[in-house]
Amino acid sequence: MDAGEMSIAVIWQLGPVAITNTVVTTWAIMALLALACWLLSRRLQLQPGPLQTAVEGVIVAIDQAIREVAPDHSRLLLPFVGSLWIFLVVANLCSLIPGVHSPTRDLSTTSGLALLVFFYAHWSGIRAQGVGAYLKHYLAPSPVMLPFHIISELSRTIALAVRLFGNMMSLEMAALLILMVAGFLAPVPILMLHVIEALVQAYIFGMLALIYVAGGMQSISSSSGKE
Amino acid sequence: MELNWSTFVLEIINFLVLIWILKHFLYRPVLAIIARRQESVAQQQQQAEALRTEATAMQEEYQQRLSQWQQEQQQARNELQQSLAAERQQQRDRLQQELDVMRHGAEVAEQRQRQDRLRQQEQVAMQQGAQFAAQLLRLGAGPETEKRLTELLIHQLLELDPEQRSRLQRHNGERSNAATIASAWSLGDDQRERLGAALQQCLPEITEWDWQRDPELLAGVRITVGAWELGFNLADELSGFAELGEHG
């Protein structure tokens, strides 16, 4: 087992900025998605074809999932949460391509996404309720709970990042180990498991992000209801 | 497991850029086309609803028109029934009139038949009565009866007023002077003389007398002067009675 197979390789070093293979893969995914969306958006019709119907089905499914959690803010949350789901699905599944590593097996990527979720949840809560009202729920039901709230916010963000990173890295490592030990066709069942795990992890990350954001937006009403 | 800050920052920037890309090239156009489709569906639903409303209005209009037609049909049927009833009543009245006429005719005919029958019965009764009276008088008639009848004739001739006498004389237009006097029984000379004198008082021109006997007269006399004949006997009376019954 080569240590370079699982390590994060720096492709370019532009002064203090290191361009790793994770970033390059992300750029490739972004370019692929941008190209697909651009091509699709040019051919949208009122009478949809099979591809347009599938894309609309995905968008409507994401919108309905958001609407079930935050009925009044589905259109506001759709770009962020939908982008999380789409990016994570593509990023998790791209490791099935030989020689390509999933960006989500890099802790830097998952940490960056978790940090974005952290800030987006607070920004959405403040936007929906105002700064005072939003920060007030950290003192509910008692100011004694403030440290626990802060610890909860940090720990769930760290857990969000580490969960995705650990699962995806372990999947790639397991597939690599089985490929090295058992041969060429033996990892196929593991790859099927990889597909399922990639979809599940993307769903879990996106759903947790949605719940955190929706929880931040609706915390004041929950606190008022409890009181 | 190491955290590369450059990768960390670049991934955050990359994801923010990806959000922008997807928002502008995926979510916005796809949601817009879905909204347009929903708007189109809503318009079609509105059009369908408008068509349905129009159809409902037309259906109500047709229902009202149909109801009106039914009312007109009922009215026409009522008028036809009234006309038929009036025509039937006219026919019935006309038939009743004809029937009344026929009934009246039948009653008239029946009454006439009844009167004829009654008249026939009366004639028969008169004839039978005449026959019975004739048989009775034939048995009961005799010289005494004739004598009383002759006396009665003489008395009546003498009692005639001038007008009756002149009328009697006008009957004797030929001015015959011969008189034939028939009697059922032989008259006595006294009676013949008084009868001749009474008759001559009425008809002074009579100068010849022919006294005959005719038993068919039963009792009484028959005076014949030319074409004029005076019967004062039971046979002529019975004959006149019978003729009276025949002619009503």
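Basis for what follows: all heavy atoms, side chains included, without hydrogens, waters or symmetry-related copies. All of these numbers come straight from a predicted model, not from anything done at the bench. Chain letters run A, B, ... following the sequence lines, proteins first, then strands; residues in each count from 1.
- Neither the backbone nor the side chain of Ile29(A) comes within contact range of chain B, judged by heavy atoms closer than 4.5 Å.
- Using a 4.5 Å heavy-atom cutoff, the side chains of Pro16(A) and Trp5(B) are not in contact.
- Using a 4.5 Å cut-off between heavy atoms, Leu115(A) contacts chain B through its side chain alone, with no backbone atom that close.
- Using a 4.5 Å cut-off between heavy atoms, Leu31(B) contacts chain A through its side chain alone, with no backbone atom that close.
- For the residue pair Thr20(A)/Thr7(B), the side-chain donor-acceptor check at 3.5 Å is satisfied.
- In plain terms, the two heavy atoms of Leu46(A) and Arg37(B) that are nearest each other are O-NE, 3.0 Å.
- If you measure heavy-atom distances from Ile59(A) to chain B, the contacts under 4.5 Å come from the side chain alone.
- Using modelled atom types, one finds no donor on one side chain facing an acceptor on the other under 3.5 Å when comparing Glu11(B) with Ser108(A).
- Proximity to chain A (any heavy atom under 4.5 Å) is restricted, for Ile21(B), to the side chain, taken from C-beta onward.
- Residue contact with chain B, scored on non-hydrogen atoms closer than 4.5 Å, involves the backbone of Gln45(A) exclusively.
- Here the closest heavy-atom approach between residue Pro29(B) and residue Ser41(A) is recorded as CG-CB, 3.8 Å.
- Residue Asp63(A): no heavy atom, backbone or side chain, is found under 4.5 Å from chain B.
- When every heavy atom of Leu116(A) is checked against every heavy atom of Leu16(B), the shortest pair comes out as CD2-CD2, 4.0 Å.
- For Leu10(B), the part sitting under 4.5 Å from any heavy atom of chain A is the side chain, from C-beta outward, and nothing else.
- Residue contact with chain B, scored on non-hydrogen atoms closer than 4.5 Å, is absent for Arg42(A).
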